[in-house]
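FYI, side chains are in, hydrogens and waters are out, and symmetry mates aren't considered; it's all heavy atoms of this structure.
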Amino acid sequence: MNSTIETLINHRSDRSFLDKAIPDDILDSIIQSAYRAPTSVHSQQVSLVITRDKETKEKLAALAGGQPWIAQAPVFITFVLDMYKTAEGMKLAGETQIAHQSIESVVSGSIDVGIALGTTMAAARSVGLGVVPIGGIRREPLEVIKLLNLPEMTFPINGLTLGYVDEPAALKPRLPLATFRHDEAYSSENLEKLIAQHNDELTQHWKTIDRNGGENWSKTVGNYYRNIYFPNVQPALKKQGFGTEK
């Protein structure tokens, strides 16, 4: 197993960081890695907002639902779906953008952001930094948009903390590989049994690391997905000029 694959297989979300700055050359190389990540039709519809200011990080931590590691980490990156950039570029060709009015563009742009996010995490961990992706950046999207001065036709999809780890996180168990890998066609055979197996494994994991009140997987996803997770996303997308009906 080479070092790249080993780094990816051993991913964990670290939420405890040292009060230690990330050198500019290291941060620049990480951002350069994300900058070179692929995008659909070479649209380059991704932008990154790098936040080091303590006050701004504290505001983002609150907007994300009270996540103190955002403020604690020396760097926080907001990954932005950016179709303002593509619209401006099209003006130079005498064209008017309408693609942002479709659900396809939201899906495609979110995929491109996800590729950049994954690239950034891999690059950061390869140089000894800890990371944790922050979906909570979508909890109050209009407030984040205002705070970061994002223009129309942009949307904050996800965030990422970067820092040197104080207390490393434990490697969390996953659902059995058979629930993830499907050769030739999707298979639901034994799915309920495999999920039950993971529920038991995760419960034992919480006991092993002395985390009181840790729930199994079914209960965890149930707590989130029995509701609309972030109900402010859809109206914020519309306000920013995106459409979901085409």
Side-chain angles (χ1 to χ4, degrees), residues 4-23 26-27 29-31 33-34 37 46-81 110-141 143-144 147-148 155-175 202 205-206 208-211 213-215 217 220-221 223-225 229-230 233:
T4 299
I5 293 176
E6 188 173 1
T7 296
L8 294 171
I9 287 176
N10 285 288
H11 168 80
R12 60 202 68 200
S13 292
D14 290 299
R15 293 178 171 85
S16 177
F17 300 101
L18 297 170
D19 184 14
K20 179 181 177 181
I22 299 173
I26 291 179
L27 181 60
S29 67
I30 292 169
I31 294 170
S33 299
V46 180
S47 289
L48 274 57
V49 179
I50 316 301
T51 303
R52 290 175 168 175
D53 178 73
K54 182 175 177 58
E55 183 178 347
T56 304
K57 287 187 297 176
E58 288 176 347
K59 290 178 180 178
L60 288 167
L63 290 172
Q67 301 193 46
W69 37 89
I70 294 175
Q72 184 189 33
V75 173
F76 184 76
I77 303 177
T78 303
F79 289 76
V80 180
L81 164 56
S110 296
I111 290 169
D112 288 348
V113 168
I115 293 171
L117 174 65
T119 301
T120 305
M121 289 194 292
R125 295 196 65 241
S126 75
V127 294
L129 295 174
V131 299
V132 56
I134 306 292
I137 205 72
R138 300 187 305 277
R139 180 174 173 269
E140 298 290 349
E143 293 298 320
V144 173
L147 180 63
L148 300 181
F155 197 81
I157 298 292
N158 218 313
L160 185 71
T161 59
L162 294 178
Y164 293 98
V165 178
D166 183 9
E167 299 179 9
L171 192 63
K172 191 183 298 181
R174 297 284 199 234
L175 285 161
L202 191 57
H205 168 74
W206 297 134
T208 300
I209 65 172
D210 293 325
R211 175 172 164 178
E215 296 180 320
W217 183 78
T220 297
V221 294
N223 288 338
Y224 290 108
Y225 292 162
Y229 193 11
F230 291 137
V233 167

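For the atom pair CE of Met121 and CG of Leu129, the computed distance is 13.5 Å after rounding to the nearest 0.5 Å. Between the CZ atom of Arg15 and the OG1 atom of Thr161 there is a distance of 8.0 Å, given to the nearest 0.5 Å. Here OG1 of Thr120 is found 8.0 Å from CD1 of Ile31. Values are rounded to the nearest 0.5 Å. The line from CG of Leu8 to CZ of Arg125 is 8.0 Å long, rounded to the nearest 0.5 Å. Remark: Asp53 CG to Glu58 CD distance equals 8.5 Å, nearest 0.5 Å.
Distance alone, capped at 3.5 Å, places no donor-acceptor pair between the Lys57 side chain and the Phe76 backbone. A side-chain donor-acceptor contact under 3.5 Å links Trp206 to the backbone of Glu215. The backbone N or O of Leu63 sits nowhere less than 3.5 Å from a side-chain atom of Glu140 that would complete a donor-acceptor pair. The closest donor-acceptor contact from the side chain of Asp14 to the backbone of Ala169 lies under 3.5 Å. A donor-acceptor pair under 3.5 Å is formed between the side chain of Ser33 and the backbone N or O of Ser29.
When side chains are defined from C-beta on, Leu27 counts as touching Ile50, because their heavy atoms get closer than 4.5 Å. For the pair Ile137/Phe79, no side-chain contact is recorded, criterion being any heavy-atom separation below 4.5 Å from C-beta on. Side-chain contact between Ile115 and Val46 is absent, with no heavy-atom pair separated by less than 4.5 Å. Residues Asn158 and Arg138 meet the side-chain proximity criterion, which asks for heavy atoms closer than 4.5 Å.
Here the closest non-hydrogen pair linking Pro156 and Thr78 is CB-CG2, 3.9 Å. The shortest non-hydrogen separation linking Leu202 to Lys172 is CD1-CG, 4.0 Å. Closest non-hydrogen pair, Pro141 versus Phe155, comes out as CB-CZ, 3.6 Å. Counting all heavy atoms, side chain and backbone alike, Ala64 lies closest to Ile70 at CB-CD1, 3.7 Å. Residues Ala34 and Ala116 approach most closely at CB-O, 4.0 Å, considering heavy atoms. Residues Ile9 and Leu171 share a closest heavy-atom pair of O-CD1, 4.4 Å.
For Asp19, the CG atom sits in a loose shell: 12 or fewer heavy atoms of surrounding residues, nucleotides or ligands are nearer than 6.0 Å.
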How far apart are the C-alpha atoms of Val131 and His11, what are their side-chain angles, what is the distance that settles it, and do they pass the side chain to side chain contact (heavy atoms under 4.5 Å, CB included) test? CA-CA 9 Å; Val131 299; His11 168 80; 4.0 Å; yes

